[in-house]
Amino acid sequence: MSQNKKICIIGGGGHVGFPLGLVLASKKYSVYLYEKNKIICKKINSGKIPYFEIGAKNYLKKYKKKILAGYDNIYLSNSDIIIVSIGTPVDKKYKPELKKFLELFFFLKKIINKKQTIIIRSSVYPGITDKIKKILKGVNDNISYCPERILQGKALIELPKLPQIISGYNKKSIEVSKKLFNSISNKTIITSVLEAELVKLFSNAWRYINFAASNQFFMICQNFNIDFKRVRSFMMDGYERNSTLPNAGFAAGPCLLKDTMQLSHFVKKRFPLGIESLNINEGLPLHLVKTLNKNYNLKNKKIGILGLTFKSDVDDIRDSLSFKLLKILKKQSLKVFVSDEFYNHSEGISKENLIKKSDIIIVAVPHTKYKKIKIPKNKVIIDTWGIIKK
Ligand SMILES: NC(=O)c1ccc[n+]([C@@H]2O[C@H](COP(=O)([O-])OP(=O)(O)OC[C@H]3O[C@@H](n4cnc5c(N)ncnc54)[C@H](O)[C@@H]3O)[C@@H](O)[C@H]2O)c1
């Protein structure tokens, strides 16, 4: 690796750490992706991308001399800046799992020095950065919280365009973080640490609530046999104030629900809007099956699920609602086919085959490639997204 400023990204093989590492390597930095998953490290070091991310292959090819993946602690001690981008999950009861995240800092405390800057990039439970400050007290005070806000799959397109939120506990941490993010983005916004933590969680909760509003409207329409896509398009036609209403559809994945629930726990569950959004969004698969059962004798029907990933045009199935739908259908002992453009399921078939074999086709994920498909008129289509041309 060259003599540029050294950055070490903890969780550097992840969906946030990896693209950020690529963008930083394209600037004046040498990047070490500190990653515990050996398979991911091997892939990256042999020039292969660990998952689908637009443009990542080219970046990796172009900057491979400035980026290295591994799990060697020496890079934690020797880097100028340490960025933390490991996961911050919630448990089965939606309670934030803070233990592992905090343990990392007890470990770091033993090997870092006071000259380094520590930037936390993960989406965190409010107040955690304060806890980290206390853990690292006496060893390192240069702690920043700068949340990631990219859309997975489009990180390399978005990183240079998105304003970067910067917060920190001292002048050095703010200045170092500002300089770092100014090198990849046109705008930085300085906030307090708690403000930055809330900016991130409010952003995801806001999106999750918006999806829930559309999904609730969709369910109302379905109960009255009305097409929500039409109602939505009439609502938006020439009426700017409704322009942000999203399509109805599965709102899933590792971030939106999780961050809404982190916020809910932070305010001791006094967040009815967030809790109801979870019930609505997570309830959509069951609602679809109940409606199908009302309208058809499903015992005689074959059902196809188009799309298994948690959102369009990625290969990530983390917390995907397609699997919840599959589970509900299989519980009824129904014949179900599955297909995805990015994810290889052991029972997966091509979209063409799925359309041919199924009587009812549920478009669970609006992958761009589905825009071009034609579904014969004799098939039933459940397309909350309105992506299939009729
Ligand atoms: N995925 C997104 O689009 C997105 C966007 C914005 C923010 N975030 C937030 O960023 C954080 C990371 O999300 P992600 O999607 O990148 O998760 P991820 O699971 O894809 O990546 C985390 C990586 O960290 C590695 N890891 C975990 N503990 C480690 C340790 N102690 N040492 C070394 N490596 C370790 C894991 O092996 C994994 O590869 C979360 O807080 C998430 O909410 C995610």
Side-chain angles (χ1 to χ4, degrees), residues 8-23 32-44 49-54 56 68-76 79 82-90 94 96-112 118-126 128-129 132 145-159 162 164-165 196-197 199-208 251-263 309-320:
C8 179
I9 304 181
I10 306 182
H15 293 82
V16 162
F18 177 57
L20 179 62
L22 290 176
V23 173
Y32 186 74
L33 304 171
Y34 181 87
E35 171 57 59
K36 69 176 182 183
N37 184 323
K38 285 184 185 154
I39 299 168
I40 291 181
C41 293
K42 209 170 160 190
K43 269 193 176 169
I44 295 172
I49 54 171
Y51 37 76
F52 182 76
E53 186 68 50
I54 297 171
L68 180 70
Y71 197 38
D72 186 343
N73 293 346
I74 196 82
Y75 288 89
L76 293 170
S79 59
I82 296 173
I83 300 175
V84 178
S85 67
I86 66 170
T88 46
V90 289
Y94 305 123
E97 283 178 5
L98 306 174
K99 200 169 162 247
K100 271 194 186 158
F101 192 73
L102 292 175
E103 271 169 11
L104 172 70
F105 296 91
F106 284 109
F107 161 68
L108 283 180
K109 189 176 182 174
K110 295 179 205 150
I111 51 175
I112 58 172
I118 321 292
I119 301 177
I120 293 137
R121 189 70 167 163
S122 308
S123 311
V124 299
Y125 183 77
I128 277 292
T129 320
I132 292 165
Y145 180 62
C146 308
E148 180 58 88
R149 299 195 293 169
I150 47 102
L151 264 189
Q152 195 172 312
K154 293 189 178 154
L156 296 164
I157 301 164
E158 290 202 343
L159 270 169
L162 293 182
Q164 298 293 323
I165 306 289
E197 290 173 338
V199 165
K200 178 61 202 179
L201 295 194
F202 283 175
S203 302
N204 276 356
W206 167 242
R207 290 186 60 221
Y208 199 59
C255 290
L256 299 190
L257 180 157
K258 184 257 296 178
D259 287 347
T260 307
M261 288 303 105
Q262 296 215 89
L263 195 54
T309 57
F310 84 79
K311 67 171 195 139
S312 64
D313 301 336
V314 296
D315 54 6
D316 193 347
I317 57 159
R318 289 181 293 173
D319 301 316
S320 163

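Model, not experiment: these values are computed from the prediction. What's counted below: heavy atoms across the whole structure, side chains too, no hydrogens, waters or symmetry copies. Counting convention: from 1, in listed order, for ligands and their atoms alike.
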Atom [atom1] of [X] and atom [atom2] of [Y]: how far apart are they, to the nearest 0.5 Å?
| X | Y | atom1 | atom2 | answer |
| --- | --- | --- | --- | --- |
| Leu151 | Leu159 | CG | CG | 11.0 Å |
| Cys41 | Ile39 | SG | CD1 | 10.0 Å |
| Ile111 | Leu76 | CD1 | CG | 4.5 Å |
| Cys146 | Lys200 | SG | NZ | 13.0 Å |
| Ile9 | Ile83 | CD1 | CD1 | 4.5 Å |

Closest approach of any protein heavy atom to [atom], naming residue and atom:
| atom | result |
| --- | --- |
| atom 18 (P) of ligand 1 | Arg318 NH1, 3.5 Å |
| atom 21 (O) of ligand 1 | Gly14 CA, 3.1 Å |
| atom 24 (O) of ligand 1 | Gly11 CA, 3.1 Å |
| atom 42 (C) of ligand 1 | Lys258 NZ, 3.7 Å |
| atom 29 (C) of ligand 1 | Ile86 CG2, 3.6 Å |
| atom 9 (C) of ligand 1 | Ser123 OG, 3.4 Å |
| atom 38 (C) of ligand 1 | Glu35 OE1, 3.6 Å |
| atom 31 (N) of ligand 1 | Leu104 CD1, 4.0 Å |

Counting heavy atoms only, which part of [X] comes closer than 4.0 Å to ligand 1: side chain, backbone, both or neither?
| X | answer |
| --- | --- |
| Cys255 | side chain |
| Lys154 | neither |
| Tyr71 | side chain |

Pairs of nitrogen or oxygen atoms closer than 3.5 Å, one from [X] and one from ligand 1: do any exist?
| X | result |
| --- | --- |
| His15 | yes |
| Glu148 | no |
| Arg149 | no |
| Arg121 | no |
| Val16 | yes |
| Lys200 | no |
| Asn37 | no |

Heavy-atom contacts with [X] under 4.0 Å: which atoms of ligand 1 show up? List them by number with element.
| X | value |
| --- | --- |
| Ile150 | 3 (O), 5 (C) |
| Ser85 | 12 (C), 22 (C) |
| Thr88 | 40 (C), 41 (O), 43 (O) |
| Tyr34 | 32 (N), 33 (C), 34 (N) |

Would Tyr34 and Tyr75 count as a ring-ring contact (aromatic ring centres under 6.0 Å, His included) if you check the C-alpha gap in whole Å, the side-chain angles of each, and the deciding distance to 0.1 Å? CA-CA 8 Å; Tyr34 181 87; Tyr75 288 89; 8.8 Å; no

Going by heavy atoms in the side chains, are [X] and [Y] under 4.5 Å from each other?
| X | Y | result |
| --- | --- | --- |
| Pro254 | Phe310 | yes |
| Lys258 | Thr88 | yes |
| Val84 | Ile119 | no |
| Tyr145 | Val124 | yes |
| Tyr51 | His15 | yes |
| Leu33 | Leu68 | no |

Hey, looking at atom 30 (C) of ligand 1, which of Lys36, Gln152, Lys311, Lys100 has the closest heavy atom?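 Answer by nearest heavy atom: Lys36.
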
Please table the atom pairs, donor to acceptor, closer than 3.5 Å between any side-chain atom in residues 98-109 and protein atoms at least two apart or in another chain.
unit_1, atom_1, unit_2, atom_2, d
Lys109, NZ, Ile135, O, 3.0

Of all pairs that satisfy salt bridge (charged side-chain N to carboxylate O under 4.0 Å, His left out), the ones with a partner from residues 148-157, not counting sequence neighbours: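 Qualifying pairs: Arg121-Glu148.
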
